[in-house]
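One structure is given below, encoded as structure tokens.
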Amino acid sequence: MENLLYSFFIENNHNSLISFQRIKRFLSNIHFDEEIGKNRLESLYKLLNNGVIDYAGNSNYYMSPSIIINAENFKIGINLPIDVIETNKEKIITQNTGIILFNIQEIVLNDWDIKNVDYKFDNYLSNFISIFKIPLNWEKVQMMFPTNSIKIEIFNPENFKWSKAENSILTNSLYKVYPYPNDCFEYYFNYKQNWYRIKAEEFDKSSLAKTILILKAKLAYNPASNVLSIPKYFPLPSFIEKLLFLNHCLAKGKFPENRNYFIERKDFKKVNKVIFNNHIKIAADE
């Protein structure tokens, strides 16, 4: 389904920004028997995680600018023009929706002004701070437990599921509040004695809140294979998953499978310290 959603972005790229509601309407109009019961927004998550699209704020999304990223043995191209792809097709190793992995040969750009950068892991990592500090920069809201809402659910960090909330408020907890008799909802995150309101379409924010609540003992790094495995339904924010995805592709020359990301141990230690406050276990250390 992400191929169809990607085509939708290409067709509407002249409008630059595409609202979350338009994306939901588009996805809801796709009819495939095998898609029954599936969360159709997963296709949006995948494009976000791979860096093909980005969130612009105010419930809008856009296609990421075309870029070529060069590593020691491989190159990756994101949202490249069709004629550039055709010109360099013999250099292609593999490709997926909006993303192409090339060998190390120079890419002919056919006069396109495409950003071309060298990949340095430490430079990318320098843009990150601890996930536990990020919510402190969000706008705080005054919050009393919204008992007048139609439905209130609380996130269970043990099984990643939602259940009916009781009247008592738990510290460091995430609530899903339905103020009206429909499927519309907002998140309310109680963190370090402050309340933060998160829109339904702010996936990185809600994923970050969930990750903070469930991180301990949920992720582990295997030093024998140099692989960090992310469980299928683990809600890792896309800006972190993009780093893992990019690093894996440029190190191995292939796409990761089932969210198993190759990362050198020295680089993992940096990620674990800078982003996760050393909360991810190293399997051999258990």
Side-chain angles (χ1 to χ4, degrees), residues 1-30 39-70 75-85 95-102 107 109-117 119 123-129 131 134 137-139 184-187 197-209 211 235-250 255-256:
M1 187 179 286
E2 54 264 29
N3 289 333
L4 294 173
L5 181 57
Y6 182 67
S7 297
F8 176 72
F9 269 87
I10 293 176
E11 293 169 2
N12 291 274
N13 196 33
H14 62 280
N15 292 326
S16 296
L17 300 179
I18 301 178
S19 72
F20 179 65
Q21 293 303 320
R22 283 190 65 200
I23 293 171
K24 285 184 65 177
R25 285 197 299 270
F26 173 77
L27 293 174
S28 67
N29 289 328
I30 299 175
N39 180 3
R40 291 175 178 240
L41 288 176
E42 284 184 6
S43 57
L44 179 60
Y45 304 154
K46 289 180 180 179
L47 296 183
L48 285 168
N49 290 343
N50 295 350
V52 173
I53 63 172
D54 277 307
Y55 182 59
N58 296 322
S59 304
N60 292 310
Y61 294 84
Y62 66 99
M63 283 188 64
S64 303
S66 299
I67 189 172
I68 295 173
I69 304 172
N70 310 284
K75 300 173 184 282
I76 191 168
I78 298 176
N79 293 336
L80 298 181
I82 293 177
D83 67 304
V84 172
I85 297 172
Q95 57 187 310
N96 206 331
T97 308
I99 305 172
I100 300 177
L101 279 169
F102 297 96
I107 305 299
L109 299 180
N110 295 343
D111 297 324
W112 284 91
D113 185 17
I114 298 174
K115 190 175 183 180
N116 200 318
V117 300
Y119 177 70
N123 290 348
Y124 277 75
L125 187 60
S126 67
N127 296 314
F128 289 81
I129 63 172
I131 61 171
I134 293 176
N137 297 317
W138 297 347
E139 182 180 356
C184 296
F185 65 87
E186 290 181 320
Y187 297 102
R197 185 168 57 196
I198 303 171
K199 295 179 181 179
E201 61 268 27
E202 293 181 308
F203 301 121
D204 270 352
K205 280 190 173 184
S206 59
S207 294
L208 182 70
T211 296
L236 197 67
S238 65
F239 62 87
I240 298 175
E241 191 126 18
K242 278 188 284 190
L243 174 65
L244 298 174
F245 177 85
L246 177 64
N247 185 74
H248 177 103
C249 291
L250 292 175
F255 296 120

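- Residues satisfying the side-chain contact (heavy atoms from CB on, under 4.5 Å) criterion with Ile129, sequence neighbours excluded, are Lys133, Ile134, Asn137.
- Summarising the geometry of Gly51 relative to Ile78, their closest heavy-atom pair is O-CG2, 3.8 Å, with the distance given to 0.1 Å.
- Ring centroids of Phe9 and Phe26 are separated by 6.0 Å or more, keeping the two rings apart.
- The distance between the ring centers of Phe203 and Tyr55 does not fall below 6.0 angstrom.
- Under a 3.5 Å cut-off, the side chain of Ser64 and the backbone N or O of Val52 do form a donor-acceptor pair.
- Side-chain atoms of Thr211 come within 3.5 Å of backbone N or O of Pro235 as a donor-acceptor pair.
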Working for side chain to side chain donor-acceptor pair (under 3.5 Å), residues Tyr6 and Asn96: CA-CA 11 Å; Tyr6 182 67; Asn96 206 331; over 6 Å; no

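- Counting only heavy atoms from C-beta outward, the side chains of Asp54 and Lys242 approach each other to under 4.5 Å.
- Residues Ile76 and Ile99 form a side-chain contact, since some pair of their non-hydrogen atoms from C-beta on lies under 4.5 Å apart.
- Between Tyr124 and Tyr119, the distance separating the two ring centers is shorter than 6.0 angstrom.
- For the pair Ser66 and Lys115, the minimum side-chain heavy-atom distance is 4.5 Å or more.
- No side-chain donor-acceptor contact under 3.5 Å links Thr97 to the backbone of Glu2.
- Other residues, nucleotides and ligands contribute more than 12 heavy atoms inside 6.0 Å of the CG atom of Asn123.
- Counting heavy atoms from C-beta outward, Leu5 and Leu47 have side chains that approach closer than 4.5 Å.
- Taking each heavy atom of Leu41 and Lys24 in turn, the nearest pair found is CD2-CG, 4.4 Å.
- At distances below 3.5 Å, at least one donor-acceptor pair connects side-chain atoms of Asn60 with backbone N or O atoms of Asn58.
- A side-chain donor-acceptor contact under 3.5 Å links Ser238 and Asp204.
- Side chains of Arg25 and Leu27 form no contact here, defined as non-hydrogen atoms less than 4.5 Å apart.
- Using a 4.5 Å cut-off on side-chain heavy atoms (C-beta onward), Pro237 and Ser207 make contact.
- A side-chain N or O of Asn70 and one of Asn116 form a donor-acceptor pair less than 3.5 Å apart.
- For the pair Glu202 and Arg197, the tightest heavy-atom approach, listed with the atom from each and the gap, is OE1-O, 4.5 Å.
- Scanning all heavy atoms of the two residues, the minimum distance from Glu201 to Tyr61 falls at O-OH, 2.7 Å.
- Residues Tyr62 and Asn12 bring no donor and acceptor atom of their side chains to less than 3.5 Å of each other.
- Inter-residue side-chain proximity for Ile107 and Lys75 is flagged as met; some heavy-atom pair is nearer than 4.5 Å.
- Counting all heavy atoms, side chain and backbone alike, Tyr187 lies closest to Ser206 at CE1-CB, 3.5 Å.
- Of all non-hydrogen atoms in Leu80 and Ile85, the two that sit nearest each other are O-CD1, 3.7 Å.
- Between Trp138 and Leu208 the shortest side-chain heavy-atom distance falls below 4.5 Å.
- For Asp113, the CG atom is loosely surrounded, since the number of other residues' heavy atoms within 6.0 Å does not exceed 12.
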